[in-house]
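Just so we're on the same page: letters track the sequence lines, and every chain starts at 1.
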2 protein chains.
Amino acid sequence: MPRERAARKSKQMLNAAQRLFARSGYAAVSMDDIAKTAGVSKATLYAHFDSKEKLFAEIIEIESPHVEERVPIPEVFEGDAEGVLRNFARGLASFFADGRGLEIYRLFVTDLHRFPDLVRRFHAAGPMALRARLSRLLAQMAERGGLSIDDPDLAADHLTSLIQGRLPFDRAIGLPPPDAAAIDRHVESALRLFLRGYARASRGGEP
Amino acid sequence: MPRERAARKSKQMLNAAQRLFARSGYAAVSMDDIAKTAGVSKATLYAHFDSKEKLFAEIIEIESPHVEERVPIPEVFEGDAEGVLRNFARGLASFFADGRGLEIYRLFVTDLHRFPDLVRRFHAAGPMALRARLSRLLAQMAERGGLSIDDPDLAADHLTSLIQGRLPFDRAIGLPPPDAAAIDRHVESALRLFLRGYARASRGGEP
DNA sequence: GTCTATATGAGGATAGAC
DNA sequence: GTCTATCCTCATATAGAC
């Protein structure tokens, strides 16, 4: 059954490449490393993927749409706005705090710019998709809840920026991850600022 | 005059290395590139710097303290809080929007983590120093102005996070820089949220 | 498709003359 | 200190047998 075996090996190679690229970046990973980790020969690797760049591109294509799925944003808002936002905020903060988000972040910052067509696709499927979902949620909250939001996209960016903060940068340069309590404080303070800044005004203009 | 010439060549090499590392990152730059750009031989380069790593470390040491100086934060606050913060915000946003901040950002995210001692020194001299200055300023504003700030360090992080936003990430992955008008809108909206979120409460608690 | 073995080139680092 | 020329390792990519 050569077809099955080929498919299995192909997955092995993609998995190995994904792990290695994520851990060390494009330049630091050799095709030898990938082949060895996948348990195949380099020639087999090249039989499936034309070049290191093509292989990297496939990894990015696979990873990109998953980014948005790591953070919980319900499609429809019902009830507790603060709780929903807290959930999103904790998801996003943990994503950056643990090693997984760090690897993706560093990989993208370091290497993605060399693949312009991937940039466009990733940006649409990742950050823009996430913002769109958060934005729809915030718009619903503005309508039904106590928030005053003129521009939901902008508000989504503000919340995301506050939650993200220096987390990915600090992790990327090698600082240790914050513990759970620190993440919690970080999330709570960001939420307080956001909710207060976007609270319906008792008097005065929009934020 | 061998001493003068040596010093001059040393500067040439440091300049070349700085430009090349900033543009392409540690891995993508070869010692040949640096020597050629500096107009010296590779052997001369190695006579001055023991290794590529040592050379990179020197570049980081030189760059680090400059980061905080690119953004205007007065030591003493007088008068117009919003104007002072706008000035800071515009400086920071431009820093990330133009190519210079992008290069430094990418260089640090990509390569700094491999030099742990540099991480500590850079972090103290760069982000922490900047936050300390902004924090002192915000504390003064809370005292004399209309802001309600319990934890100035936290507030400084919030403001910086809002201003920074996705700017460095978007630039790093290869998206085009925002134009002046977009930066201005970005800065103004972030400032409005910050000032409103940290406004002295007419009623209700701290943010 | 998969392997072993290798061609080809690039890059970090050094030897030795001046 | 500076150069030219070179060593050596390692990485991308391929040839050729099975």
>> Arg121(A): which residues meet the salt bridge (Lys or Arg N to Asp or Glu O under 4.0 Å) condition with it, sequence neighbours left out?
In response: Glu61(A)
> Can you pull the side-chain hydrogen bond (donor to acceptor under 3.5 Å, both in side chains) pairs that have at least one residue in residues 126-138 of chain B, sequence neighbours excluded?
Replying inline: Glu68(B)-Arg133(B), Arg131(B)-Asp157(B), Ser135(B)-Asp153(B)
> For Ser51(B), which residues count as a side chain to side chain donor-acceptor pair (under 3.5 Å) partner, sequence neighbours excluded?
Replying inline: none
>> Rounding to an integer number of Å, can you tell me how far Phe49(B) CZ sits from dG12(C) P?
In response: 15 Å
> How close or far is atom C1' of dA13(C) from atom CZ of Phe56(B), stated in whole angstroms?
Replying inline: 19 Å
>> Among residues at least two apart in sequence or on other chains, which ones pass side chain to side chain donor-acceptor pair (under 3.5 Å) with Asp98(B)?
In response: none
> Can you check the Leu45(A) CG to dT4(C) C1' distance for me, whole Å?
Replying inline: 15 Å
> What's the CE-C1' distance between Met13(B) and dG12(C), to the nearest Å?
Replying inline: 16 Å
>> Suppose we screen for salt bridge (Lys or Arg N to Asp or Glu O under 4.0 Å). Which residues come up paired with Asp50(B), at least two apart in sequence or across chains?
In response: Lys54(B)
Heteroatom pairs (N/O) under 3.5 angstrom, protein to nucleotides 11-14 of chain D:
residue, atom, partner, partner atom, Å
dT12(D), OP1, Val29(A), O, 3.4
dT12(D), OP1, Lys52(A), NZ, 2.9
dT12(D), OP2, Met31(A), N, 2.7
dT12(D), O4, Lys42(A), NZ, 3.3
dA13(D), OP2, Tyr46(A), OH, 2.9
dA13(D), OP2, Lys52(A), N, 3.2
dA13(D), N6, Lys42(A), NZ, 2.6

>> If you compare every side-chain N and O of Lys9(A) against the phosphate oxygens of dC3(C) (OP1, OP2), does one of them come in below 4.0 Å?
In response: yes
> Checking Arg144(B) side chain against Phe77(B) main chain: does a donor-acceptor pair fall under 3.5 Å?
Replying inline: yes
> Hey, does the side chain of Thr44(B) come within less than 4.0 Å of dT2(D)'s phosphate (OP1/OP2), counting only N and O?
Replying inline: no
>> If I take atom CG in residue Leu55(B) and atom C1' in nucleotide dA13(C), what distance separates them, rounded to the nearest angstrom?
In response: 14 Å
